[in-house]
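Only heavy atoms go into these numbers, but all of them, side chains included; no hydrogens, no water, no symmetry mates.
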Amino acid sequence: NNLPLDLLTATAKSLDRIDSFKERKDNIQIVITSGTLSHKQILNETILPVLAKILKKYKKVRLLFIGYIDIGFELKKFSKRIQSIPFTEYSTYLKLLTTSDIALVPLEVHPTTHGKSAIKWMEASLCGVTCICSPVRAYTDVITDGETGLIAQTAEEWHQAISQLIEEPSKLRLIAQKARYHANNLFDSETGRAFWRNQISKSIFKTTTNRPFKKVLVINVFFAHQSIGGATRVAQDYVQAMLTDNQTNYEITVLCTEYD
C-alpha cells in the first residue's frame with residue numbers, strides 16, 4: 001500500500017475552492033470505488049438495489065463508479081445519470097473524488113474485513129466527501145457516527161443514511177468538514193511524534209521487572225501515525241500486544257517510511 005501521501009495532502013490543501021464549488025452544485029454525486037472483485041455480494045444484494053430506489057426517488061442524484069464494479073440490471077435504466085470509470089492514475093482518482101458529495105464504502109462484516117484499514121474513509125474525508133461505511137473495525141475506530149461519517153449495515157440503514165444526506169445538505173457539508181479536520185489530525189506528523197514520546201517515556205520510567213527481556217525490530221512500509229493499509233494495522237496490533245505482554249518485557253524498534 002505505497003500510497004502517494006504527498007499528492008493526497010496537496011489535494012486536501014486545495015479544498016477551499018472545492019468547498020465553494022460544492023455549495024453551488026444543483027446535483028448530488030454519489031461515488032463508489034472498488035479495487036477488487038471481493039465485495040460483489042454486498043454490492044449486488046444490498047447497495048445496488050438501494051441505489052436504484054435512490055435514483056428513482058431523487059432526480060438530482062448522479063452516480064460515479066470507479067474500478068471493478070458491474071452496475072447490474074436494475075441500474076441500467078438510469079444509465080444517463082451514471083458514470084463508470086475504470087482504473088486510472090491516482091491523481092485522476094483524487095480529482096474525481098473531489099467532484100463527489102457522498103462516498104459509499106460497503107464491506108461484508110467478518111474477521112477478515114475487521115483487519116482492513118480506513119484508507120477509503122481517509123481519502124474521501126481529505127477530499128471533502130462525506131462517507132457512509134459498513135460497521136467494520138477500520139471505520140468504527142475512526143468514525144463518530146453522525147459526526148465524522150455515517151455507519152450503515154442493513155439495506156434500510158443504507159437507504160436512510162443516503163436519503164438523510166441528500167435531504168439535509170447542511171448536514172452533508174458539516175459532516176464533510178468535521179471528517180476532513182479529523183482525518184488531518186489522525187494522519188498528522190505531530191500525532192506520530194506524540195505517540196512515540198509517550199511510548200519512550202513509558203520505557204524510560206517503567207519500574208524494574210523480573211520478566212525476560214527481548215529486543216524486537218519491526219519493519220513495515222508504514223506505521224502510526226500513518227496507519228495506511230491492512231498490513232500496517234496488523235503490524236501495529238502486534239506491537240501493541242507485545243508492549244502490554246505480561247510475560248515478556250519487549251523493547252521494540254520500528255523501521256518504516258515517513259512522508260512529509
Side-chain angles (χ1 to χ4, degrees), residues 1 3-25 28-33 64 66 90-91 93-107 116-152 161-162 164-198 222-230 232-233 236 256-260:
N1 295 300
L3 196 67
L5 291 179
D6 51 347
L7 183 58
L8 179 56
T9 301
T11 302
K13 288 180 179 178
S14 70
L15 281 185
D16 287 341
R17 57 180 176 78
I18 294 171
D19 288 342
S20 176
F21 167 74
K22 286 185 177 182
E23 288 181 4
R24 299 193 301 269
K25 286 178 64 176
I28 295 288
Q29 181 164 283
I30 299 173
V31 61
I32 304 179
T33 66
L64 171 62
I66 305 174
Y90 191 65
S91 58
Y93 165 71
L94 293 179
K95 288 178 182 177
L96 290 168
L97 267 185
T98 61
T99 66
S100 301
D101 304 283
I102 301 169
L104 306 186
V105 189
L107 288 171
K116 293 180 73 66
S117 72
I119 285 179
K120 288 189 177 181
W121 173 85
M122 178 190 71
E123 289 173 331
S125 296
L126 290 176
C127 287
V129 183
T130 297
C131 280
I132 306 174
C133 303
S134 293
V136 299
R137 182 185 160 191
Y139 299 115
T140 56
D141 279 355
V142 297
I143 292 174
T144 300
D145 192 21
E147 294 288 326
T148 54
L150 296 177
I151 299 294
I162 296 169
Q164 181 182 39
L165 294 179
I166 293 171
E167 295 174 4
E168 300 181 42
S170 60
K171 181 169 187 174
L172 172 66
R173 288 194 295 271
L174 182 60
I175 292 177
Q177 290 165 0
K178 288 183 177 180
R180 181 183 166 198
Y181 178 80
H182 185 43
N184 270 313
N185 284 341
L186 282 178
F187 296 96
D188 180 71
S189 58
E190 179 54 36
T191 303
R193 286 191 287 269
F195 172 86
W196 285 113
R197 279 196 296 268
N198 183 48
F222 293 107
F223 202 77
H225 64 291
Q226 292 169 335
S227 305
I228 299 165
T232 304
R233 288 179 58 87
Q236 290 174 182
C256 62
T257 300
E258 172 68 31
Y259 271 88
D260 291 325

_Just to verify, which of Leu150, Ile30, Thr33, Val31 counts as forming a side-chain contact (heavy atoms from CB on, under 4.5 Å) with Leu104?_
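It is Ile30; the other options fail the test.
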Once rounded to the nearest 0.5 Å, what's the spacing between atom [atom1] of [X] and atom [atom2] of [Y]?
X      : Y      : atom1 : atom2 : result
Thr130 : Lys178 : OG1   : NZ    : 11.5 Å
Lys120 : Ile32  : NZ    : CD1   : 9.0 Å
Lys95  : Ser100 : NZ    : OG    : 14.5 Å
Thr140 : Trp121 : OG1   : CH2   : 12.0 Å
Arg180 : Ile175 : CZ    : CD1   : 16.0 Å
Thr148 : Asn185 : OG1   : CG    : 11.5 Å

Do you know the tightest heavy-atom contact between [X] and [Y]?
X      : Y      : value
Ala103 : Ala124 : CB-CB, 4.1 Å
Ala179 : Ser125 : CB-OG, 3.5 Å
Leu96  : Thr99  : O-OG1, 2.6 Å

*Do the non-hydrogen side-chain atoms of Lys116 and Val136 ever get within less than 4.5 Å of each other?*
no
*Using the side chain to side chain contact (heavy atoms under 4.5 Å, CB included) rule, take Val129 and Thr98 through it: C-alpha gap first, then chi angles, then the decisive distance, then the call.*
CA-CA 7 Å; Val129 183; Thr98 61; over 6 Å; no
